[in-house]
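Take a look at the structure below.
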Amino acid sequence: MGAIQALRGTRDILPEEVSYWQRVETAARDILGRSAYREIRTPIFEQTDLFERGIGEATDVVGKEMYTFKDRGDRSLTLRPENTAGVIRAFIEHHLHAQGGVMRLWYTGPMFRYERPQAGRQRQFHQLGAELVGSPDPRADAEVIAIATDLLQSLGLKALRMDLNSVGTIADRQTYREALVAYFTPHQAELDADSQDRLTRNPLRILDSKDERTKAIAQDAPSILDYLSPDSQKHFDRVRQLLEDLGISYQLNPRLVRGLDYYTHTAFEIISDDLGAQSTVCGGGRYDGLVAELGGPETPAVGWAIGLERLILLLQQQSLAAAAVDFYLVSRGDRAEAQALKLAQTLRQLGFAAELDLSGSAFGKQFKRADRSGAVACLILGDAEADSETVQIKWLKSGEQEAIAQSDLLDKADDLRRRITDFREGA
RNA sequence: GCGAGCGUAGCCAAGUGGUUAAGGCAGUGGAUUGUGGUUCCACCACUCGCGGGUUCGAGUCCCGUCGUUCGCCCCA
């Protein structure tokens, strides 16, 4: 077949699914708005250098997953693989720090990573993120986490758990890294191939290995929590205390390491067991070094990002009926059909949801479609109604039917609205 | 980037080398020329992702390619 298809790792979000996206967006806008976060929209591509510096050259994201290309002016551009770097770039560029105090920001949009597609993983995917820039306070960590859990909860998601850890400061991590290398080196030969490689590249990752033998060895490896400086320890203790005060439960996981270099102190992941291998729905933490790294003033920050495709996968598993229309209009005959069109328009102006049958087929068929549409009521217009300028309303769930004058519609709107909600709730 | 599975209609599918490619859902028309959710009838794949090969014969076997699924790596 010669038909062009969407590229590998990309997909169309069809009307059936869009209602889920809208639910998430509405809930996010609501909760973040009430929490004093303001939306920011940044470009979908940036200078490659931004990500190399921000995310870290040694990370997989930068090393092998970026969509990088030269534009016609021979500049190296990259489709954003995440948005924290972009948001912070904008923060610095527009001197948002000059406004003093903290800046609370959120964003949503497509991200791009050149990876092998898998359940819950695509090349173009969407994230919703929040960043609280300018506060080193543990309360900032707790606030940001609380918003994420609130959002997920308000969507009705169950069976989520949270892993929490502290990765300390860059210096803490450096000494810990040395300790890990010292621990694993004698066992080098027994480690799986990937982990042997990680020993030099990124020893923290060995802790995450899924290989059974490596896991057994890692069992007794030193814990990062024993390598936190007193200040880091204090910060982490406070964050934990605050979360407990907020009634947010979490699992302490010293093996939790984040993939991107910029994280410091608090790291967390919200995980679902219903997603297969790509189980992280939300990941985030503190990144006190990033603003300075990108050329801004020394500025602490915390944030997170939710993977929207994964979130929606969960929502779909828990399903929710699609919104059906209030009125389905069936009509037959030139004048009646014209009146039905006009009536549908009037109903919409009054705030109702109305769908017009355009088939012109026998009433029997039109009723069948009315029924399938899930509409609460059917409006019927034939020659008789066209002559008398009335319309038959048939309530599909009860079967009762009545005639009203078309001109009475406006007066009866409130009554109709009430009956529609009655029928909807009664169902 | 690596490993494994799959690709038959809008959707779910049977088919495992012999020729007319089951069945179900949805759709369209009719029984029912103005009243649905039940029922009945009819119609709905010159073709099995695409390209090549093996064979007298291929949806079925082989190679390639594209897509997809699951896992690894990694991450949201």
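Note on naming: letters A, B, ... go to the chains in the order of the sequence lines (proteins, then strands), and numbering restarts at 1 for each one.
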(Q) If the threshold is 4.0 Å, N to carboxylate O, is there a salt bridge linking D273(A) and R161(A)? (A) yes
Q | Any strand: nucleotide that pairs with G23(B) via Watson-Crick or wobble, under 3.5 Å | A | C12(B)
Q | D194(A), nearest nucleotide to its side chain (from C73(B), G1(B), G30(B)) | A | C73(B)
Q: Would you indicate which nucleotide in C70(B), C72(B), G27(B) comes nearest to any side-chain atom of A277(A)?
A: C72(B)
Q | OP1 or OP2 of G3(B) under 4.0 Å from side-chain N/O of R116(A) | A | no
**Q.** Matching residue for E46(A) among R80(A), R53(A), R89(A) - test: salt bridge (charged side-chain N to carboxylate O under 4.0 Å, His left out)
**A.** R89(A)
Q) What is the pairing partner of G59(B), taking Watson-Crick or G-U wobble pairs with both distances under 3.5 Å in any strand? A) none
Q: Could you measure between the two C1' atoms, the one in U47(B) and the one in G34(B), and give it in whole Å?
A: 43 Å
Q: Report yes if at least one side-chain N or O of R372(A) is closer than 4.0 Å to OP1 or OP2 of G37(B); otherwise report no.
A: no
Q.
Both distances below 3.5 Å, Watson-Crick or wobble geometry, any strand: find the nucleotide opposite A4(B).
A. U69(B)
Q) Any side-chain donor paired with an acceptor under 3.5 Å for T280(A) and E269(A)? A) yes
Q | F363(A)-U35(B) aromatic stacking (under 5.5 Å, under 30°) | A | no
**Q.** Partner set under ring pair (Phe, Tyr, Trp, His ring centres under 6.0 Å) for Y176(A), not counting sequence neighbours
**A.** Y227(A)
